[in-house]
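Note on naming: letters A, B, ... go to the chains in the order of the sequence lines (proteins, then strands), and numbering restarts at 1 for each one.
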There are 2 protein chains.
Amino acid sequence: MSGLLYAIGEVSRITGLSVKALRLYQEKGLLEPSRVDPSTHYRYYTERDITLAHTLRALRDLGLSLEEIRGVLAELDQGASLTEQLARVRARLAEEAASAQRSVLALDTLLRNQAQAEAYLRAPPPLLERWLPAVRVALHRARGRYSDASVVFPRLLATCGPHIAGAPFCLLHEAEYREDDADLSWCVPLAPGATPEGVHVEELPEVQVATLVHSGPPDSVGPSWARLFAHLHAKERTPSVPLRETYLRVGTTGGGSLLTELALPWE
Amino acid sequence: MSGLLYAIGEVSRITGLSVKALRLYQEKGLLEPSRVDPSTHYRYYTERDITLAHTLRALRDLGLSLEEIRGVLAELDQGASLTEQLARVRARLAEEAASAQRSVLALDTLLRNQAQAEAYLRAPPPLLERWLPAVRVALHRARGRYSDASVVFPRLLATCGPHIAGAPFCLLHEAEYREDDADLSWCVPLAPGATPEGVHVEELPEVQVATLVHSGPPDSVGPSWARLFAHLHAKERTPSVPLRETYLRVGTTGGGSLLTELALPWE
DNA sequence: CTTGACTCTCCCCCAGGGGGAGACCGCCAC
DNA sequence: GTGGCGGTCTCCCCCTGGGGGAGAGTCAAG
């Protein structure tokens with residue numbers, strides 16, 4: 001018999017929807033109990049209501065919002081196509097999945113970089129000769145001092161926003177150390193298709209370098225540079241410009257050791 | 001100079017974070033403006049604050065909650081490993097992505113079924129001979145009448161809940177039509193590993209049938225069954241039992257045309 | 001009749017902000 | 001000085017999808 005009535009708690013147990021949720025769905029007009037006692041306001045549900053509640057739960061578990069569920073149920077009720085609403089939902093969910101997947105990939109990249117940075121901290125890689133690949137960067141060249149980094153990089157980050165695709169670095173266009181009038185280029189690698197506005201974009205060619213990862217405060221890099229120069233000298237190679245300092249650790253604002261990769265090109 | 005101060009609107013323009021969001025992050029202790037005018041309560045941010053805001057935005061865009069961001073920033077501030085928090089976030093995001101992906105797949109299945117049902121509605125497939133595959137079902141056998149469906153199926157759906165893997169159907173164990181004492185088995189296909197409790201589970205073997213999709217109210221299937229019997233008779237085959245009626249359209253509660261697939265086995 | 005399990009309504013809470021009201025503030029032009 | 005305009009302040013309510021609990025009323029079994 002369909003006259004059999006279920007109280008809200010039983011319906012909750014049967015459908016797995018919470019009592020709170022059932023009351024909410026009534027308030028939203030999604031699932032009206034077949035009978036509400038006018039004096040006690042107790043809700044009573046029929047088998048048919050329970051079937052509807054099951055449908056509702058299935059749709060909710062699929063990730064539909066209550067509004068979307070309302071649309072689907074309305075289409076169902078008219079015996080209409082259903083595909084319209086569901087196709088929209090599918091598109092939304094697919095976008096969500098893709099977005100989460102992209103985030104996971106980005107996090108993986110971040111974690112790998114981080115792991116490598118930590119490895120460098122524990123066991124700095126020895127002086128190494130390798131090729132730096134070509135890279136497209138947003139570049140700001142100016143005369144000044146190292147400490148300008150705290151001014152220039154925030155500005156670059158501000159303009160390039162979401163187009164950034166790697167650790168920022170600095171090019172030193174003269175080999176001699178200058179305290180306060182160095183010829184510097186502040187660079188941020190860009191994502192392949194990105195074209196930020198209000199900033200100079202340049203493609204740096206690949207270059208052969210001797211590299212060294214320096215850990216410690218950024219004003220103590222002098223001896224490490226000296227090691228690189230000495231190395232090239234010992235091999236009778238001619239150092240070239242620009243020198244490159246790459247800032248490896250993210251969030252360099254706080255404490256913790258900083259990591260700087262020094263790269264000295266030769267001809 | 002790092003003494004340069006930015007008002008909240010400028011910071012918003014630079015970082016892409018809304019003014020509301022910036023105020024919220026201050027309230028949550030994530031991003032404190034370097035100076036707050038004690039008399040006007042205006043917020044002023046330094047370049048360093050803006051860098052932090054960028055980090056914050058990047059993390060938010062990755063899908064981290066503010067609490068997770070707080071954790072990451074704290075680790076960053078101590079120069080700690082970072083990997084702990086980020087690995088947790090990665091796990092969460094991966095789960096989200098997988099879940100959304102599962103939903104998309106489920107929706108695709110649903111949409112395919114729906115599309116086929118609609119195709120059947122427009123152009124009912126002719127009488128067809130084929131094999132019904134073996135299927136594991138939750139089964140409730142009882143004597144009664146067709147209209148018991150509205151009682152039995154909700155109960156089955158209630159007990160089997162999320163284990164359901166297909167359209168429900170009904171087996172008629174006798175070939176003759178009986179109004180009120182038919183020998184019926186109400187069935188719901190189950191997902192492969194599912195073992196619902198409080199219900200009889202059975203594996204139906206595959207069987208060769210003549211099938212026909214009937215569209216219209218469920219009490220008008222008589223002539224369609226007659227067509228199937230006539231077909232087998234013309235081919236001099238012996239009809240067998242059980243007959244099977246599968247209810248194709250979801251949400252059969254509301255209006256709209258119903259679709260029932262009739263399947264008549266033979267020996 | 002009592003008792004324990006249910007159920008009712010009503011209110012506050014969460015994240016992550018959006019929208020807007022009403023009141024100040026800063027800066028530029030005149 | 002003074003007006004005007006845009007920026008900023010605090011404060012409050014709104015959204016989704018419910019959870020937690022208070023205080024009061026109800027149902028059914030013993």
Side-chain angles (χ1 to χ4, degrees), chain A residues 4-45 49 53 55-73 89 92-93 96 99-100 103, chain B residues 4-45 49 53 56-73 88-89 92-93 96 99-100 103:
Chain A
L4 203 41
L5 291 176
Y6 297 79
I8 197 169
E10 297 172 88
V11 177
S12 167
R13 239 166 285 127
I14 290 174
T15 63
L17 295 164
S18 75
V19 169
K20 288 274 188 183
L22 287 169
R23 291 202 269 245
L24 180 69
Y25 298 161
Q26 178 191 6
E27 192 188 332
K28 301 272 180 186
L30 290 174
L31 174 59
E32 206 72 23
S34 284
R35 201 172 86 81
V36 176
D37 187 302
S39 73
T40 69
H41 305 290
Y42 270 39
R43 295 163 177 84
Y44 294 101
Y45 297 83
D49 297 335
T55 306
L56 225 155
R57 176 172 150 85
L59 292 175
R60 193 196 63 175
D61 289 353
L62 273 179
L64 279 72
S65 75
L66 295 192
E67 271 319 302
E68 289 167 337
I69 291 178
R70 183 200 307 286
V72 170
L73 291 185
V89 171
R92 179 177 66 77
L93 285 174
E96 262 178 38
S99 160
S103 287
Chain B
L4 204 41
L5 291 177
Y6 297 80
I8 197 169
E10 297 172 271
V11 177
S12 167
R13 238 166 288 128
I14 291 174
T15 62
L17 294 165
S18 74
V19 169
K20 288 274 189 183
L22 287 169
R23 290 201 270 245
L24 180 68
Y25 298 161
Q26 178 190 7
E27 192 188 333
K28 301 273 180 186
L30 290 174
L31 174 60
E32 207 72 24
S34 283
R35 200 173 87 81
V36 176
D37 188 303
S39 74
T40 70
H41 301 153
Y42 270 38
R43 293 162 178 85
Y44 294 102
Y45 297 82
D49 296 335
L56 224 156
R57 175 172 151 86
L59 293 175
R60 194 195 64 173
D61 289 353
L62 273 179
L64 278 73
S65 74
L66 296 191
E67 270 320 302
E68 289 167 338
I69 291 178
R70 184 200 307 286
V72 169
L73 291 184
R88 262 200 292 278
V89 171
R92 179 176 68 77
L93 284 174
E96 263 178 38
S99 161
S103 287

Quick one: pull up [atom1] in [X] and [atom2] in [Y] and give me the separation to the nearest 0.5 Å.
X: Asp49(B); Y: Arg35(B); atom1: CG; atom2: CZ; value: 12.5 Å
X: Arg92(B); Y: Ser65(B); atom1: CZ; atom2: OG; value: 6.0 Å
X: Leu73(B); Y: Leu66(B); atom1: CG; atom2: CG; value: 10.0 Å

Nearest-Å distance, [atom1] ([X]) to [atom2] ([N])?
X: Arg13(B); N: dG7(D); atom1: CZ; atom2: C1'; value: 9 Å
X: Tyr45(B); N: dT8(D); atom1: OH; atom2: C1'; value: 11 Å
X: Leu62(A); N: dG17(D); atom1: CG; atom2: P; value: 14 Å
X: Glu67(A); N: dC14(D); atom1: CD; atom2: C1'; value: 15 Å

Chi angles and distances behind the side-chain contact (heavy atoms from CB on, under 4.5 Å) call for Tyr42(A), Ile8(A): CA-CA 8 Å; Tyr42(A) 270 39; Ile8(A) 197 169; over 6 Å; no
Heavy-atom side-chain proximity of Tyr44(A) to Pro33(A) below 4.5 angstrom: no
Close side-chain approach of Arg43(A) and Val11(A), heavy atoms under 4.5 Å: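 A side-chain contact is absent here, since even the closest heavy-atom pair is not under 4.5 Å.
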Terminal axis angle for the helix from dC1(C)-dG30(D) to dC30(C)-dG1(D), five pairs an end, nearest 10 degrees: 20°
Positional range of nucleotides in DNA chain C within the contact set of chain B, heavy-atom, under 4.0 Å: dA15(C) to dG26(C)
Sub-4.0 Å heavy-atom contacts from residues 34-43 of chain A onto DNA chain C, ordered by number: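 Within residues 34-43 of chain A, the residues near DNA chain C are Thr40(A), His41(A), Tyr42(A), Arg43(A).
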Any residue of residues 20-33 of chain B with a heavy atom less than 4.0 Å from an atom of DNA chain C: Lys20(B), Ala21(B), Leu24(B), Tyr25(B), Lys28(B)
Atom of Arg57(A), atom of Thr15(A) and distance for their closest heavy-atom approach: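 Answer, listing the atom of Arg57(A) first, then Thr15(A): CD-O, 2.7 Å.
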Working for side-chain contact (heavy atoms from CB on, under 4.5 Å), residues Leu56(B) and Leu30(B): CA-CA 8 Å; Leu56(B) 224 156; Leu30(B) 290 174; 4.2 Å; yes
Audit row: Val72(A), Ile69(A), side-chain contact (heavy atoms from CB on, under 4.5 Å) steps and yes/no: CA-CA 5 Å; Val72(A) 170; Ile69(A) 291 178; 5.6 Å; no
Test side-chain contact (heavy atoms from CB on, under 4.5 Å) applied to Leu24(B) and Lys20(B), step by step: CA-CA 6 Å; Leu24(B) 180 68; Lys20(B) 288 274 189 183; over 6 Å; no
Salt bridge flag under 4.0 Å for residues Glu27(A) and Arg23(A): no
Residues in side-chain contact (heavy atoms from CB on, under 4.5 Å) contact with Ala58(A), at least two apart in sequence or another chain: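 In terms of side-chain contact (heavy atoms from CB on, under 4.5 Å), with neighbours along the sequence ignored, Ala58(A) is linked to no residue.
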Under the salt bridge (charged side-chain N to carboxylate O under 4.0 Å, His left out) test, residues paired with Arg70(B) that sit two or more places apart: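 Arg70(B) satisfies salt bridge (charged side-chain N to carboxylate O under 4.0 Å, His left out) with Glu67(B) once adjacent residues are dropped.
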